[in-house]
Amino acid sequence: MYNSKIIGLGKYLPENVVTNDDLSKMMDTNDEWIQERTGIEERRWIKEGTDDTSAVMGAKAARMAIERSGLTKDDIDFIVFATMTPDYYFPGCGVQVQDMLDIKNVGAIDIRNQCSGFVYAISVADQFIKTGMYKNILVVGAEYHSNGLDKSTRGRGVTVIFGDGAGACVLSREEDTTKGILSTHLHSEGKYADKLIVEAPSIKHWVPQIMEAEEEDLSYFPFMDGTFVFKHAVIRFSEVIIEGLTKNGLQKEDIDMLIPHQANLRIAQFIQKKFALRDDQVFNNIMKYGNTTAASVIIALTEAWEQDKIKEGDNVVLAAFGSGFTWGSVIIKW
Ligand code: COA
């Protein structure tokens with residue numbers, strides 16, 4: 001058995017910055033409400049007319065991650081792509097990245113686990129490396145939310161939260177099993193699927209039904225019971241971080257860097273307080289990008305690394321919670 005180790009990190013954010021004031025021109029909202037409830041100051045939304053999509057942004061982030069890893073595209077053995085906003089209903093974005101980066105005909109899969117998508121993706125990749133099946137895996141998380149949001153006042157509870165962007169890493173075989181990814185922990189609770197959901201288009205509710213539906217059919221916009229989700233998020237985040245620490249004989253004081261999924265700054269602050277972590281032990285960038293779902297953890301990890309906030313030997317914890325419900329954590333010895 002081997003361990004896997006992150007050897008290259010990359011990100012891509014669309015240039016177009018949308019501030020809270022910009023949103024208040026589209027809907028009845030304001031900077032104060034958004035900052036107070038979520039911590040978000042601005043987000044990136046793909047500008048109409050550009051070529052960016054989830055697959056395109058994912059490929060850009062992936063190119064950076066491969067370059068920084070010191071490998072070439074020809075060294076990549078497998079692709080795992082996490083997104084809830086794929087370019088096509090099918091096929092997935094993973095195969096598009098294989099084509100866009102001209103990677104040889106390796107396997108490619110998509111992970112559909114929303115906010116915990118990247119944690120699930122990295123866990124899947126880790127298993128392939130642990131068993132020796134693959135040596136270098138490209139793991140991508142990307143979301144193009146802005147084209148699917150209700151930008152009227154009706155959608156304000158959800159729309160102000162989400163942003164577009166992508167992150168990627170190259171996960172590689174590590175012979176020393178005391179280093180790299182030490183463990184991953186995944187969970188789900190499907191009974192709450194309807195608390196955070198985009199219902200359509202789905203095979204149950206396909207294009208003809210949508211076209212015939214009344215104007216009040218909002219099934220193709222994200223629905224979120226925000227308060228319910230918030231309450232579950234803070235519990236599950238804590239549980240799954242503790243689960244990961246316990247598995248590795250670590251205490252909360254041993255965390256050098258916690259990268260929580262960027263769902264809401266208030267959730268991250270709650271966790272920080274609960275675990276008595278200092279500001280320099282938790283990384284947040286939701287202020288700049290909003291919630292980029294499957295891209296959020298990997299964009300944050302990339303920026304923490306770019307800012308020299310992670311050193312060799314550090315205990316790094318990734319944790320996420322989201323629609324499904326699904327949640328998970330990853331414990332890394334950097
Ligand atoms: N601007 C201004 N007012 C808004 C608004 C906006 N963008 N969105 C909602 N409101 C209003 C509501 O209409 C409501 O008004 P009312 O009291 O007159 O009915 C009021 O603000 C409170 O709404 P509520 O939804 O109860 O707010 P909240 O305090 O729960 O905050 C969230 C909303 C979404 C920020 C919060 O619930 C949250 O972050 N939830 C978790 C999100 C999450 O973790 N997702 C996980 C993965 S994506």
Side-chain angles (χ1 to χ4, degrees), residues 13-14 16-46 84-85 114-119 141 143-146 148-165 167 192 195-198 221-238 258-275 277 279 282-301 303-304 318-327:
L13 280 311
N16 184 39
V17 175
V18 178
T19 64
N20 294 340
D21 285 340
D22 292 332
L23 292 183
S24 68
K25 288 170 199 140
M26 301 174 203
M27 61 188 82
D28 182 10
T29 189
N30 57 75
D31 180 52
E32 195 190 348
W33 190 96
I34 300 172
Q35 284 212 44
E36 193 186 303
R37 306 282 174 129
T38 71
I40 300 168
E41 294 164 25
E42 56 187 45
R43 73 285 295 136
R44 304 293 178 92
W45 279 0
I46 290 173
M84 59 172 275
T85 50
Q114 299 69 247
C115 295
S116 24
F118 195 80
V119 164
E143 301 290 1
Y144 179 9
H145 284 300
S146 58
L149 298 170
D150 179 356
K151 291 173 186 151
S152 71
T153 297
R154 196 178 53 190
R156 66 183 179 175
V158 174
T159 300
V160 301
I161 295 171
F162 289 113
D164 304 334
Y192 298 128
K195 300 294 182 189
L196 181 46
I197 189 168
V198 178
F221 287 129
F223 166 81
M224 177 169 71
D225 183 338
T227 315
F228 191 87
V229 174
F230 194 105
K231 283 184 192 154
H232 282 254
V234 289
I235 294 167
R236 297 309 194 184
F237 263 110
S238 306
L258 168 66
I259 312 267
H261 162 54
Q262 303 292 292
N264 183 325
L265 190 60
R266 308 301 158 225
I267 295 177
Q269 286 167 337
F270 181 93
I271 305 299
Q272 177 176 346
K273 199 165 166 205
K274 180 157 185 191
F275 284 79
L277 300 174
D279 286 351
V282 186
F283 190 84
N284 289 301
N285 59 7
I286 190 170
M287 305 73 93
K288 294 190 293 180
Y289 304 135
N291 178 351
T292 57
T293 328
S296 99
V297 167
I298 183 62
I299 294 173
L301 180 63
E303 292 202 337
L318 315 180
F321 173 88
S323 162
F325 291 151
T326 58
W327 61 100

Colleague: Using the test side chain to side chain donor-acceptor pair (under 3.5 Å), find all partners of Q262 that sit at least two apart in sequence or belong to another chain.
Modeller: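 Testing Q262 for side chain to side chain donor-acceptor pair (under 3.5 Å), a comparison that skips the adjacent residues, returns N284.
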Colleague: Once side chain to side chain contact (heavy atoms under 4.5 Å, CB included) is applied, do any residues pair with E36, and if so which ones, sequence neighbours excluded?
Modeller: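 E32.
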Colleague: Report yes if the side chains of I271 and S238 come closer than 4.5 Å at any heavy-atom pair, otherwise no.
Modeller: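 Side-chain contact under 4.5 Å: yes.
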Colleague: As an exercise, state the distance from CH2 of W327 to CD1 of I235, rounded to the nearest 0.5 Å.
Modeller: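 Output value for this atom pair is 10.0 Å.
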Colleague: Which pairs pass salt bridge (Lys or Arg N to Asp or Glu O under 4.0 Å) with one or both residues in residues 18-28, sequence neighbours excluded?
Modeller: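 Listed once each, the pairs are D22-K25, D28-R156.
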Colleague: Going by the rule side chain to side chain donor-acceptor pair (under 3.5 Å), which residues pair with R154 if we only count those two or more places apart in sequence or in a different chain?
Modeller: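 Only D150 meet the side chain to side chain donor-acceptor pair (under 3.5 Å) criterion with R154.
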Colleague: Taking all atoms of both residues into account, what is the closest heavy-atom pair of A300 and N285, and its distance?
Modeller: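 Looking at all heavy atoms of both residues, the closest pair is CA-ND2, 3.6 Å.
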Colleague: Have S296 and H261 got a donor and an acceptor in their side chains that come within less than 3.5 Å?
Modeller: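 H261 and S296 do have a side-chain donor-acceptor pair below 3.5 Å.
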Colleague: Of the options V282, V119, L318, which is the one that meets I259 in a side-chain contact (heavy atoms from CB on, under 4.5 Å)?
Modeller: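 One option only clears the test, and that one is L318.
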Colleague: Within the structure provided, determine whether D225 and L196 are in side-chain contact (heavy-atom separation under 4.5 Å).
Modeller: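 In short, these two side chains do not touch, never coming nearer than 4.5 Å.
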Colleague: How long is the span from the NZ atom in K151 to the OG1 atom in T159, to the nearest 0.5 Å?
Modeller: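 Rounded to the nearest 0.5 Å, the NZ-OG1 separation comes to 8.0 Å.
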Colleague: List in chain and number order the residues that pass ring pair (Phe, Tyr, Trp, His ring centres under 6.0 Å) with W45, two or more places apart in sequence or in another chain; answer none if no residue qualifies.
Modeller: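 Result, ring pair (Phe, Tyr, Trp, His ring centres under 6.0 Å) vs W45: none returned.
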Colleague: L149 versus F221: any side-chain heavy-atom pair under 4.5 Å?
Modeller: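 A side-chain contact is absent here, since even the closest heavy-atom pair is not under 4.5 Å.
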Colleague: How long is the straight-line distance from NE2 of H145 back to OG1 of T85, given to the nearest 0.5 Å?
Modeller: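 Going from the OG1 atom of T85 to the NE2 atom of H145 covers 5.5 Å.
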Colleague: Just by modelled atom types, is the I46 backbone N or O under 3.5 Å from a matching donor or acceptor in the D164 side chain?
Modeller: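 Yes; judged by distance alone, with no hydrogens or angles, the pair exists.
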Colleague: Which heavy atom in A294 sits nearest to a heavy atom in G117, and how many Å separate them?
Modeller: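 Where A294 meets G117 most closely, the heavy atoms are CB-CA, 4.3 Å.
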Colleague: Would you give the length of the straight line joining atom CG of L258 to atom CZ of F237, rounded to the nearest 0.5 angstrom?
Modeller: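 Going from the CG atom of L258 to the CZ atom of F237 covers 8.5 Å.
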Colleague: Checking R43 against N20 for the side-chain hydrogen bond (donor to acceptor under 3.5 Å, both in side chains) test, could you report, in this order, the C-alpha distance in whole Å, the side-chain angles of both residues, the deciding distance, and whether it holds?
Modeller: CA-CA 8 Å; R43 73 285 295 136; N20 294 340; 2.8 Å; yes
Colleague: Holding to side chain to side chain donor-acceptor pair (under 3.5 Å), I want the full list of residues that pass it with Y289, two or more places apart in sequence or in another chain.
Modeller: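 Once residues adjacent in sequence are excluded, the partners of Y289 under the side chain to side chain donor-acceptor pair (under 3.5 Å) criterion are E303.
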Colleague: To the nearest 0.5 Å, tell me how far I161 CD1 sits from N291 CG.
Modeller: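 Between I161 CD1 and N291 CG, I get 7.0 Å after rounding to 0.5 Å.
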Colleague: Which residue pairs satisfy the salt bridge (Lys or Arg N to Asp or Glu O under 4.0 Å) criterion with at least one member in residues 262-271, sequence neighbours excluded?
Modeller: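 Found none.
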Colleague: For P222 and G148, work out which heavy atoms get closest and say how close.
Modeller: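 So the minimum-distance heavy-atom pair works out to CD-O, 3.5 Å.
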Colleague: My understanding is that only residues two or more places apart in sequence, or in another chain, count here; which of them pass side chain to side chain contact (heavy atoms under 4.5 Å, CB included) with K231?
Modeller: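 Checked K231 against side chain to side chain contact (heavy atoms under 4.5 Å, CB included); matches are T227.
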Colleague: Determine whether E143 and M84 satisfy the following criterion, side-chain contact (heavy atoms from CB on, under 4.5 Å), listing intermediate values before the conclusion.
Modeller: CA-CA 7 Å; E143 301 290 1; M84 59 172 275; 3.3 Å; yes
Colleague: Does Y192 have any ring pair (Phe, Tyr, Trp, His ring centres under 6.0 Å) partners at least two apart in sequence or in another chain, and if so, which?
Modeller: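 Ring pair (Phe, Tyr, Trp, His ring centres under 6.0 Å) list for Y192, sorted by chain: F228, H232, F325.
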Colleague: Give the C-alpha distance, both sets of side-chain angles, the deciding distance and a yes or no for side-chain contact (heavy atoms from CB on, under 4.5 Å) between V160 and R37.
Modeller: CA-CA 11 Å; V160 301; R37 306 282 174 129; over 6 Å; no
Colleague: Please evaluate residues F230 and N264 with respect to the criterion side-chain contact (heavy atoms from CB on, under 4.5 Å), reporting the C-alpha separation (whole Å), side-chain torsions for both, the decisive distance (0.1 Å), and the verdict.
Modeller: CA-CA 9 Å; F230 194 105; N264 183 325; 3.8 Å; yes
Colleague: Measure the spacing between CG of L23 and CH2 of W33 and express it to the nearest 0.5 Å.
Modeller: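 Answer rounded to 0.5 Å: 11.5 Å.
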Colleague: Please give me the minimum heavy-atom distance between C115 and A320, naming the atom from each residue.
Modeller: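 Taking every non-hydrogen atom into account, O-CB, 3.6 Å.
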Colleague: Apply the test side-chain hydrogen bond (donor to acceptor under 3.5 Å, both in side chains) to residues Q114 and T293: give CA-CA distance (whole Å), side-chain angles for both, the deciding distance (0.1 Å), then the verdict.
Modeller: CA-CA 6 Å; Q114 299 69 247; T293 328; over 6 Å; no
Colleague: According to salt bridge (charged side-chain N to carboxylate O under 4.0 Å, His left out), who are the partners of E42, at least two apart in sequence or on a separate chain?
Modeller: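 Partners of E42 by the salt bridge (charged side-chain N to carboxylate O under 4.0 Å, His left out) criterion come out as none, since no residue qualifies.
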Colleague: Would you please name every residue forming a side chain to side chain donor-acceptor pair (under 3.5 Å) with T38, sequence neighbours left out?
Modeller: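 Not a single residue meets the side chain to side chain donor-acceptor pair (under 3.5 Å) criterion with T38.
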Colleague: Return the set of residues passing side chain to side chain contact (heavy atoms under 4.5 Å, CB included) with T326 (not counting sequence neighbours), or none when no residue passes.
Modeller: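 With sequence neighbours excluded, T326 shows a side chain to side chain contact (heavy atoms under 4.5 Å, CB included) to N113, S116, Y120, S188, given in chain and number order.
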Colleague: For a quick test of reading the model, state the closest non-hydrogen atom pair linking A295 to G165 and the distance between them.
Modeller: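 For A295 versus G165, the nearest heavy atoms are CB-O, 3.5 Å.
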Colleague: Is a donor on one side and an acceptor on the other found under 3.5 Å between the side chain of E41 and the backbone of K288?
Modeller: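 No, because the side chain of E41 does not come within donor-acceptor range (under 3.5 Å) of the backbone of K288.
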